[in-house]
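Here the structure is laid out as structure tokens; the discussion comes afterwards.
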Amino acid sequence: MKLSYMLGLLVVLSAIYLFIGNSDLSPLDLLHPTAIQLQVLTVSRIPKLVSILLAGMSMSVIGLIMQQLTRNRFVSPTTAGTMDSARLGILVTLMWMPAAPPLLKMLVAFAFALGGTLLFMRILEHVKFKEPIYIALLGLMVGNIISSVTTFFAYKNDLLQNVSSWLQGDFSTMMKGRYEMLYISLPLLVIAYLYANRFTVAGMGEDFATNLGLSYRKVVNIGLILVSSISAVVLITVGSIPFLGLVVPNLVTLYKGDDLRSTLPHTAVLGAVFVLCCDILGQLIIYPYQLPVSLTVGIVGSVLFLYLLVRRKADQT
Amino acid sequence: MINVRNVTKRYGDTSVVNDVSLEIKLGKITSFIGPNGAGKSTLLSMMSRLAAIDEGEVVIEGKNLAQWNTKELARKLSVLKQTNQISIRLTVEDLVAYGRFPYSQGRLKAEDRKFIEEAITYMELGPFRGKYLDHLSGGQRQRAFIAMVIAQNTDYIFLDEPLNNLDMKHSVQIMRVLRRMVDDLGKTIVLVIHDINFASCYSDYIVALREGAIVSQGTTEEMIDTRVLKEIYDMTIPVETVGGQKICVYFS
């Protein structure tokens, strides 16, 4: 699909999204909006839309970067311990500095996410058996171990409810004053795009990158910092959105290949479209009630993921 | 010119390359030959900064390898290791374009495009240029990687077993291209090569390694000799001259 078509789709969906919800608001109302309608739009609908777009784009892009750097299609922030580590970081802030400003909490979550991802990468270097599925399972295991530590201390400190609220990504609570931190991901996405070529080269391996005069370590580290910081930002504002960083990049590379300079914009736009669709679905299915986006993305995503798995298998044989 | 001085590489207690010194002559093809595990690939990796040097030094054009800026060196020296484990969905054209990365950092100029076109034509990859690497045969893929190195347009080109996965026709094609690059463009090429007859027919100098040390080195004329080969391979290999080329008959 052409990028311009996908962008068009994104614009249309975004416009539709603004007029879905419990409060009455139709496009015609925009001509003569009441004070309440204006408020609904600026305090709730637009912040929700913007956070969906930002989270959808950035989570998909970092999934793509991770898959490129590890040369493994099944690695993503949810399958490499990144998200679980960030959650542990959030627990630490809840335990020791509950009054800390959100930005500081984000930084702690970022530090933990980076630590967890580096740990996974180190383990990866020592693993001899590089079967992609096995690596992904290994990442899930690392994540689960970290996650169990989180659960243990959360339980001890009576914070289990707080922590589990970060398990479920949900846009319904996004409103003015609560989503702005997501804007941090914008400059990070720009950096990711500027480094796209380097990530592609690094994806061909250390020898290959060195031959082309690239410092492999540096590129990988920049990639991991991007991945960890975006994970932390999204986790602390929206919550975790499973499968997103896995499914979207895989769909795009299926028809666009692995040259990040051209796949990265597609991944970003498709990620936003995907999350937007899932959230619209979640709002309509049991209207006037809402399903959290992590649930709809999880279900649609896992089905798509299974399809991709089977399809890749068929491709190989 | 490249000088290798007393270079050693160890893994744990065993040294894979032990106190090796040699000189790579400009504008020639030098082949590293020797039995498996002789340290040929490791030596090549150390000479091209892909592997750390434990002892000794490599000097490229009067400057120690460690002092070279890696980006500058990428315009001076290219190295291609065995590529069979690289799995990336790039088109042939995109891959070859990455050979220009040291110059363009990803933003291709007209000059870069010229080199890319030349490399694709050189390696006869025109019909496959839009195809993904994972849809090519092993030989086609290998040619695509070599085209990338050609597009990199460096004075020194190091290739680790470039004929791997290639059939006779394409082996000969690649060796001819390499020969032409040396004769017409003045490139300096270093190969790790298994097939001794390809080494004999296409190289100017041969360096023979065994158990991490140089057994003997010299011109191809001196090296392709039953007595010398005996020392390298522990085999008595008769050498016949066919059509002006020395052929080793090692099958019986």
Side-chain angles (χ1 to χ4, degrees), chain A residues 64-65 67-75 128-132 135 192-219 249-264 266-267 308 311-312 314-317, chain B residues 41 44-52 65 68-108 130-135 144-145 148-149 151-152 154 156-160:
Chain A
L64 180 70
I65 292 173
Q67 281 144 35
Q68 191 80 0
L69 292 180
T70 57
R71 282 179 271 169
N72 186 326
R73 308 224 172 266
F74 303 119
V75 170
K128 294 271 182 300
F129 185 59
K130 300 262 188 211
E131 177 68 27
I135 298 292
Y193 184 68
L194 294 176
Y195 266 80
N197 274 321
R198 291 178 178 81
F199 292 140
T200 308
V201 173
M204 286 187 263
E206 183 164 3
D207 286 349
F208 205 89
T210 310
N211 169 48
L212 294 179
L214 208 66
S215 164
Y216 178 76
R217 289 275 144 210
K218 199 175 121 197
V219 174
N250 268 294
L251 278 174
V252 175
T253 49
L254 209 58
Y255 68 89
K256 286 288 293 179
D258 285 330
D259 199 5
L260 247 64
R261 183 51 79 86
S262 67
T263 53
L264 202 136
H266 275 254
T267 307
L308 287 170
R311 157 119 204 210
R312 293 253 183 223
D315 262 7
Q316 280 163 9
T317 49
Chain B
S41 292
L44 195 79
S45 291
M46 283 194 287
M47 287 166 58
S48 53
R49 65 157 157 22
L50 297 187
L65 186 61
W68 273 92
N69 171 308
T70 186
K71 213 181 268 177
E72 271 171 45
L73 193 59
R75 295 181 208 149
K76 181 58 87 181
L77 181 157
S78 55
V79 54
L80 184 65
K81 300 258 286 181
Q82 291 162 12
T83 54
N84 36 12
Q85 71 279 54
I86 295 178
S87 62
I88 187 161
R89 269 169 66 88
L90 282 184
T91 63
V92 170
E93 195 172 349
D94 287 341
L95 177 78
V96 177
Y98 271 108
R100 297 305 295 170
F101 192 82
Y103 305 87
S104 68
Q105 303 297 316
R107 277 175 294 275
L108 298 176
K131 280 207 170 167
Y132 283 117
L133 291 175
D134 58 348
H135 291 169
F145 278 106
M148 189 203 85
V149 167
Q152 203 175 333
T154 53
Y156 301 93
I157 299 172
F158 292 2
L159 301 171
D160 193 350

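Labels below follow one simple rule: chain letters A, B, ... track the order of the sequence lines, proteins then strands, and each chain is numbered from 1.
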Sidechain-backbone polar pair: B/Gln152 side chain, A/Leu212 backbone, donor-acceptor under 3.5 Å: no
Donor-acceptor contact below 3.5 Å, side chain B/Arg89 vs main chain A/Leu254: yes
Chain B contact via A/Thr253 - which portion, at a heavy-atom distance below 4.5 Å: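 Only the backbone of A/Thr253 comes within 4.5 Å of chain B.
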Salt bridge (charged side-chain N to carboxylate O under 4.0 Å, His left out) partners for B/Lys76, two or more places apart: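 Testing B/Lys76 for salt bridge (charged side-chain N to carboxylate O under 4.0 Å, His left out), a comparison that skips the adjacent residues, returns B/Glu61, B/Asp155.
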Listed partners of B/Asp94 passing salt bridge (charged side-chain N to carboxylate O under 4.0 Å, His left out), at least two apart: none
Give, as side chain, backbone, both or neither, the part of [X] having an atom under 4.5 angstrom from any heavy atom of chain A.
X	answer
B/Tyr98	both
B/Leu133	neither
B/Glu72	neither
B/Leu73	neither

Side-chain heavy atoms of A/Tyr193 within contact of A/Arg261, under 4.5 Å: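 Yes, their side chains come closer than 4.5 Å.
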Interface residue of largest heavy-atom contact number with chain B, from A/Val201, A/Asn197, A/Asn211, under 4.5 Å: A/Asn211
Approximate separation, where rounding is to 0.5 Å, of A/Asp259 CG and B/Ile88 CD1: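 That separation rounds to 8.0 Å.
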Separation of B/Leu95 CG from A/Met204 CE (nearest 0.5 Å): 6.0 Å
Aromatic plane relationship, A/Phe199 with A/Tyr195 - under 30° parallel, 30 to 60° tilted, over 60° perpendicular: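 The arrangement is tilted - the two ring planes meet at 30° to 60°.
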By side-chain hydrogen bond (donor to acceptor under 3.5 Å, both in side chains) - contacts of A/Thr70 (at least two apart): none
Proximal to chain A - members of residues 45-52 of chain B, heavy-atom separation under 4.5 Å: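 Hits under 4.5 Å: B/Arg49, B/Leu50.
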